[in-house]
*Asks:* 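Mind having a look at this structure? Questions to follow.
The first residue in the sequence is number 1, and the count goes up from there.
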Amino acid sequence: MDRWNRPRVSGPGKPSGGAESAALPGALAAGEETAPGAARETPPGAAGPAPAQSPPSAGDSPGEPLPAGVIASDAGPSPQGYAIDTAPGQWLDDPLGAGFAYTTLAQGEDEEGPVCATLVRHLPPRPAREPWRDALLDLAGGLRRAGGALRGPPDGEAPVPVVLSVHGWTDYFYNAELARFWSGRGYRFYALELRRYGRSLRAWQTPGFVQDLREYDDDIDAALSAIRADVGRLGDVVCVAHSTGGLVASLWADRHPGAFSALVLNAPWLELQGSSLVRAAAAGLLDPVARRRPRAKLKLPEVDHYWQSLSAEAHGEWALHPLWRPRHSFPVTVGWMTAVLAGHAAVSRGLDIRAPILVLTSDRTQLGTQFDPAMLTADAVIDVEVVRQRALKLGRAVTVVRVENAMHDLFASAAPARSAAYDAVTRWSEGYLPPPRRGR
């Protein structure tokens, strides 16, 4: 069986938008409308097709005009290329290859249908042992597990340190090198794919849509519960988060002191391009629309330069799933944008994260609506100067490192910049992270 029902086309042809494509000010002026996609698949158990728009709320008149730059269409992606749900606690082989598996984290239903998150796990190959030693270890492990079912984890069992990776906008986990880096340092590596992204995206859903970033709390909580069940005794948890994921993880860590032992933020999107004045003006325009029609789309320029910088089909090095990291990013909904702006405002006011934080950014920004070769050695998505300033408001112990010639995703940049980013993590870890116990 083809577990992934692989797409027959090179990409779903989705319109662009969001942190990885264009700054918001351009979205507030009239622009090209997003192209409609294929109709949504009906969610399992539904009596009929999913509605084309969110159900109207009080005061939401279908004929009421929307501000310039907003459209009401809500077409979904092609029904091909989606992951298959696992049974609770079941791990299935992942397309990333040997050592990688995934499990589905059911999150109930919303007005569109069933919702889930997904946890991807990396288990490095075990070193070769003598057969007799393997047999004894398997026997000891079986006896320990049998006793643990009655008594819980034994006091002498070493806690397992883990890394939890969180992706950005229109993104998913594909970086096997990142997993192997942390596994090589003695951590069990997991990557969380939030609801409506990547392996968690389903045909009946609005990709990436939330109305409040706290909706992701359930996804993170479920991931940590699944990790505890997987490792037995949980040790330090290091969160490695990219772009919008860095914003989500920072806000969650602020609300859950002590849950993360440390954060490594890879070009976190902590502020809108420009300034807080631009953000405040944008929020004032969008908030009334978000309350009435949260799934209305912002008209944003259709650009693909970030995809070009990443994809092996263009100028990058990475094999990208055409539905999960399409050439053009997901349509940006008003509800999602206002949720992000609220997160930016919270960071601007100041957070109080107690865990040590490493913030990595490129040394410069190269924004534009067309691909430029300079984008291969710069951040083409966020304003790195503004982000570095905002990073100092995250917590009590924040280290900021500029990596020369890095792209927006430092760990997906060209080899020299990628190596420099890993070196920075290694140096910082030696000062702030306790040496993990190896052997798991």
Side-chain angles (χ1 to χ4, degrees), residues 19-20 23 163-169 171 175 178 181-182 185 236-254 257 260-276 278-279 306 340 343-367 375 377-414 416-434:
E20 267 76 338
V163 163
L164 179 64
S165 174
V166 184
H167 57 84
W169 170 250
D171 208 355
N175 193 334
L178 180 66
F181 169 80
W182 285 103
R185 295 187 61 81
D236 291 319
V237 179
V238 178
C239 181
V240 178
H242 171 55
S243 196
T244 310
L247 175 64
V248 170
S250 297
L251 296 170
W252 189 89
D254 182 61
F260 290 150
S261 305
L263 290 93
V264 177
L265 304 182
N266 168 15
W269 193 27
L270 302 179
E271 181 58 278
L272 196 66
Q273 296 87 330
S275 71
S276 59
V278 176
R279 166 170 45 80
Y306 186 55
V340 170
H344 289 165
V347 172
S348 179
R349 291 190 296 269
L351 306 183
D352 189 25
I353 299 173
R354 310 293 178 88
I357 305 167
L358 173 63
V359 176
L360 300 164
T361 73
S362 177
D363 60 332
R364 62 193 181 90
T365 292
Q366 179 74 36
L367 301 177
M375 293 174 175
T377 55
D379 194 313
V381 176
I382 64 173
D383 185 333
V384 295
E385 292 290 344
V386 172
V387 165
R388 285 195 288 265
Q389 294 169 13
R390 284 288 178 266
L392 300 180
K393 292 194 170 188
L394 291 176
R396 304 183 180 191
V398 181
T399 304
V400 179
V401 176
R402 294 185 296 179
V403 177
E404 187 176 2
N405 295 329
M407 297 193 304
H408 179 50
D409 187 342
L410 283 83
F411 300 119
S413 301
R418 199 159 75 232
S419 178
Y422 283 122
D423 288 345
V425 173
T426 299
R427 290 192 301 271
W428 178 82
S429 298
E430 290 171 351
Y432 283 100
L433 299 182

*Asks:* How far apart are the closest heavy atoms of P356 and S261, and which atoms are they?
*Replies:*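 Minimum heavy-atom separation between P356 and S261: CD-O, 3.3 Å.
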*Asks:* Quick one: does any side-chain atom of S362 pair with a main-chain N or O of R364 as donor and acceptor, under 3.5 Å?
*Replies:*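 Confirmed, S362 side chain pairs with R364 backbone.
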*Asks:* Would you call the rings of Y306 and H408 parallel, tilted or perpendicular if under 30° counts as parallel and over 60° as perpendicular?
*Replies:*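 Aromatic pair Y306/H408 classed perpendicular.
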*Asks:* Measuring from atom CG of L272 to atom CZ of R390, what distance do you get when rounded to the nearest 0.5 angstrom?
*Replies:*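 If we round to the nearest 0.5 Å, L272:CG and R390:CZ are 10.5 Å apart.
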*Asks:* Side chain to side chain donor-acceptor pair (under 3.5 Å) with T365: which residues, sequence neighbours excluded?
*Replies:*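 With neighbours one apart ignored, the set is empty.
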*Asks:* Which atom names give the shortest non-hydrogen contact between V359 and A391, and what distance separates them?
*Replies:*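 Looking at all heavy atoms of both residues, the closest pair is CG2-CB, 3.8 Å.
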*Asks:* Taking the side chain as everything from C-beta on, heavy atoms only, tell me whether R354 gets closer than 4.5 Å to R396.
*Replies:*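 Counting from C-beta outward, R354 and R396 do come under 4.5 Å.
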*Asks:* To the nearest 0.5 Å, what is the distance between CG on N266 and OG1 on T361?
*Replies:*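 Between atom CG of N266 and atom OG1 of T361 there are 10.0 Å.
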*Asks:* Quick one: are L265 and S250 in side-chain contact, heavy atoms under 4.5 Å?
*Replies:*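 In contact.
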*Asks:* Taking atom CG of D409 and atom CG of D171, what is their separation to the nearest 0.5 Å?
*Replies:*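 D409 atom CG to D171 atom CG measures 7.0 Å (nearest 0.5 Å).
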*Asks:* Do V425 and F411 come within less than 4.5 Å of each other through their side chains, counting heavy atoms only?
*Replies:*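 Side chain of V425 against side chain of F411, heavy atoms only: contact under 4.5 Å found.
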*Asks:* Hey, mind stepping through W169 and V340 against side chain to side chain contact (heavy atoms under 4.5 Å, CB included) and telling me if it holds?
*Replies:* CA-CA 11 Å; W169 170 250; V340 170; over 6 Å; no
*Asks:* Say whether, by atom type as modelled, one donor and one acceptor occur between the side chain of R418 and the main chain of S413 under 3.5 angstrom.
*Replies:*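 The answer is yes, because a donor-acceptor pair under 3.5 Å joins these two groups.
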*Asks:* Quick one: does V387's side chain get under 4.5 Å of P268's, heavy atoms only?
*Replies:*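 The answer is yes; the side chains approach within 4.5 Å.
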*Asks:* Can you give me the closest heavy-atom contact between Q273 and V381, atom names plus distance?
*Replies:*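 Between these two residues, the closest heavy atoms are NE2-O, 2.6 Å.
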*Asks:* Would the number of heavy atoms belonging to other residues, nucleotides or ligands and lying under 6.0 Å from CZ of R388 be above 12?
*Replies:*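 Yes, enclosed.
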*Asks:* For K393 and S348, indicate whether the former's side chain and the latter's backbone hold a donor-acceptor pair under 3.5 Å.
*Replies:*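 Checking the backbone N and O of S348 against the side chain of K393, a donor-acceptor pair under 3.5 Å is found.
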*Asks:* Let me confirm one number: the CG-CG distance from D383 to L270, rounded to the nearest 0.5 Å.
*Replies:*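 Interatomic distance, D383 CG to L270 CG, rounded to 0.5 Å: 11.5 Å.
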*Asks:* Compare every heavy atom of P434 with every heavy atom of D236, then report the nearest pair and how far apart it is.
*Replies:*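 So the minimum-distance heavy-atom pair works out to OD2-CG, 3.1 Å.
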*Asks:* Is there a donor-acceptor pair under 3.5 Å between the side chain of D363 and the backbone N or O of N405?
*Replies:*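 Checking the backbone N and O of N405 against the side chain of D363, a donor-acceptor pair under 3.5 Å is found.
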*Asks:* From the options V401, L360, V264, select the one residue that forms a side-chain contact (heavy atoms from CB on, under 4.5 Å) with W428.
*Replies:*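 The side-chain contact (heavy atoms from CB on, under 4.5 Å) with W428 is passed solely by V264 among V401, L360, V264.
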*Asks:* Which value, rounded to the nearest 0.5 Å, describes the distance between M407 atom CE and Q366 atom CD?
*Replies:*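 Reported to 0.5 Å precision, the distance equals 13.5 Å.
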*Asks:* Please name the pair of heavy atoms, one in L351 and one in A346, separated by the smallest distance, quoted to 0.1 Å.
*Replies:*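 In this case the closest contact between L351 and A346 is CD2-O, 3.7 Å.
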*Asks:* Any idea which heavy atoms bring V403 and A420 closest together, and the distance?
*Replies:*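 Reported closest heavy-atom pair: CG1-CB, 3.9 Å.
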*Asks:* State whether the side chain of W269 and the backbone N or O of E271 hold a donor-acceptor pair below 3.5 Å, judged by distance alone.
*Replies:*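 Flag set: sc W269 to bb E271 pair under 3.5 Å.
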*Asks:* Would you say that F181 contacts T426 through its side chain, given a criterion of any heavy-atom pair below 4.5 Å between the two side chains?
*Replies:*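 Of all side-chain heavy-atom pairs linking T426 with F181, at least one is under 4.5 Å.
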*Asks:* Within the 4.5 Å heavy-atom criterion, are Y432 and T399 side-chain neighbours or not?
*Replies:*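 Yes - at least one pair of side-chain heavy atoms lies under 4.5 Å apart.
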*Asks:* Within the structure provided, determine whether L410 and Y422 are in side-chain contact (heavy-atom separation under 4.5 Å).
*Replies:*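 No, every pair of side-chain atoms sits at 4.5 Å or beyond.
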